[in-house]
Amino acid sequence: MIHQEGLDLIKEFEGLHRVGRDGLVHVYPDAGYGWKWATQGYGSTTNEDTGQRLRRGDPPIDRATAERWLAEGIQKRYEPAVRALIKVPLSEISISAMVSFAYNVGVGGFKKSTVLKRINRGDFHGVPEALTWWNKSNGRVFRGLTRRRVAEGALFMKGLSEAPSVTPPPPTKKNEYDKTRPGKNVGYTGLWGRLFRAFISYIGR
């Protein structure tokens with residue numbers, strides 16, 4: 001199981017929603033996608049007992065089942081995927097931060113993210129920034145996601161003090177490893193950098 005701090009972070013931001021007066025936990029629609037991603041317990045979208053995706057009208061579960069589904073989902077899907085995709089040594093705390101990220105955006109989202117690219121090239125200090133780009137659901141910015149990305153970045157950085165020293169892989173060109181970054185977020189510094197290089201090239205003729 002992942003580090004307790006990462007698990008606590010997931011539980012804090014996912015929350016245990018739709019607890020009825022009878023104490024049972026009911027299925028509810030995703031905040032961004034509605035019933036397309038029916039959810040239950042601590043952000044579970046899969047019934048871990050049947051292996052089927054949750055649907056509107058599924059029966060309620062008790063709190064113990066919600067806890068179990070969270071643990072089983074992490075152990076069966078998210079943690080193994082994160083460990084397989086990360087190619088450099090990291091502490092358990094830092095890995096748990098990435099499991100939280102993958103649990104929220106999906107394994108596919110984590111796999112294509114600049115977050116993962118930066119980790120694998122050894123650009124650890126660039127990870128918190130890349131995390132902040134994932135604060136939308138279905139095109140809408142959510143304050144809860146913004147806060148979650150900041151918390152995941154802080155937890156990742158906290159774990160660096162416990163990580164073994166690593167030799168980063170050969171540098172990758174910035175426009176290649178940042179290609180998943182939204183176009184509207186192109187940095188001001190990068191624009192002036194290109195203009196400066198063009199000017200130097202012109203006067204050097």
Side-chain angles (χ1 to χ4, degrees), residues 1-17 30-32 39 41-44 67 70-71 73-75 77-169 171-172 174 177-182 184-190:
M1 191 62 177
I2 62 170
H3 194 278
Q4 186 63 43
E5 288 191 63
L7 181 61
D8 290 343
L9 192 154
I10 293 173
K11 293 178 72 174
E12 175 187 351
F13 283 97
E14 292 292 345
L16 185 63
H17 300 288
D30 177 80
T39 311
Y42 292 98
S44 295
E67 294 269 357
L70 172 64
I74 290 172
Q75 290 176 328
R77 286 184 296 282
Y78 298 98
E79 184 178 1
V82 167
R83 290 185 184 277
L85 289 167
I86 292 176
K87 305 302 181 183
V88 295
L90 287 177
S91 72
E92 290 300 307
I93 292 179
S94 291
I95 288 174
S96 73
M98 293 301 97
V99 172
S100 172
F101 177 52
Y103 188 83
N104 184 234
V105 305
V107 172
F110 178 64
K111 185 176 182 178
K112 71 179 183 181
S113 71
T114 303
V115 175
L116 178 62
K117 292 178 175 66
R118 287 190 173 186
I119 290 174
N120 284 337
R121 74 188 293 270
D123 182 13
F124 300 141
H125 291 278
V127 169
E129 178 196 21
L131 280 166
T132 64
W133 303 333
W134 291 78
N135 67 341
K136 302 179 183 68
S137 179
N138 200 20
R140 295 167 51 200
V141 173
F142 283 81
R143 286 189 299 175
L145 289 179
T146 300
R147 292 189 299 105
R148 180 171 183 161
R149 297 292 94 91
V150 171
E152 288 165 347
L155 187 60
F156 178 85
M157 296 301 292
K158 177 180 179 180
L160 292 186
S161 62
E162 299 186 11
S165 58
V166 300
T167 303
T172 307
K174 183 175 177 59
Y177 83 82
D178 264 352
K179 63 184 179 180
T180 58
R181 185 179 182 180
K184 293 183 179 180
N185 291 334
V186 174
Y188 181 75
T189 302

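Because the structure is predicted, anything quoted here is derived from the model rather than measured.
- In this structure, the separation between CD1 on Ile93 and CD1 on Ile2 is 11.5 Å, given to the nearest 0.5 Å.
- Looking only at side-chain heavy atoms (C-beta outward), Met1 and Ile74 come within less than 4.5 Å of each other.
- To the nearest 0.5 Å, the span separating CG on Asp123 from NZ on Lys117 amounts to 13.0 Å.
- Side-chain atoms of Asn104 never come within 3.5 Å of backbone atoms of Ile10 as a donor-acceptor pair (strictly under, hydrogens ignored).
- Nearest heavy atoms, Ser94 versus Phe156: OG-O, 2.7 Å.
- Residues meeting the salt bridge (Lys or Arg N to Asp or Glu O under 4.0 Å) test with Lys111, sequence neighbours left out: none.
- Rounded to the nearest 0.5 angstrom, Leu145 CG and Glu152 CD are separated by 9.0 Å.
- In this structure, the side chains of Met98 and Leu131 come closer than 4.5 Å at one or more pairs of heavy atoms.
- For the atom pair OG1 (Thr39) and CD (Glu14), the distance works out to 8.0 Å, reported to the nearest 0.5 Å.
- Between Pro128 and Met157 the shortest heavy-atom distance is CG-CG, 3.6 Å.
- Legend: residues meeting salt bridge (Lys or Arg N to Asp or Glu O under 4.0 Å) with Lys87, ordered by chain and number and at least two apart, are absent.
- To the nearest 0.5 Å, atom CG of residue Asn135 and atom CZ of residue Arg140 are 12.5 Å apart.
- Remark: Thr132 engages no residue in a side chain to side chain contact (heavy atoms under 4.5 Å, CB included) (not counting sequence neighbours).
- Taking each heavy atom of Ser137 and Asp30 in turn, the nearest pair found is OG-OD2, 3.9 Å.
- Side-chain contact between Phe101 and Leu116 is absent, with no heavy atoms from C-beta onward closer than 4.5 Å.
- Expressed to the nearest 0.5 Å, how far CZ of Phe124 lies from CD1 of Ile119 amounts to 7.5 Å.
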Inset, instruction - Kindly determine whether Arg148 and Glu12 satisfy salt bridge (Lys or Arg N to Asp or Glu O under 4.0 Å), including the steps that lead there. - result: CA-CA 9 Å; Arg148 180 171 183 161; Glu12 175 187 351; over 6 Å; no
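- Here the closest heavy-atom approach between residue Tyr103 and residue Tyr42 is recorded as OH-O, 2.7 Å.
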Inset, instruction - Quick one: do Arg149 and Glu129 satisfy salt bridge (Lys or Arg N to Asp or Glu O under 4.0 Å)? Show the steps, please. - result: CA-CA 9 Å; Arg149 297 292 94 91; Glu129 178 196 21; over 6 Å; no
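- For the pair Arg147 (side chain) and Phe13 (backbone), a donor-acceptor distance under 3.5 Å is absent.
- In this structure the side chain of Ser113 never reaches within 4.5 angstrom of the side chain of Val105, judged on heavy atoms.
- Counting all heavy atoms, side chain and backbone alike, Arg118 lies closest to Trp133 at NH2-CH2, 3.8 Å.
- Among all heavy-atom pairs drawn from Leu155 and Leu9, the shortest one is CD2-CD1, 4.0 Å.
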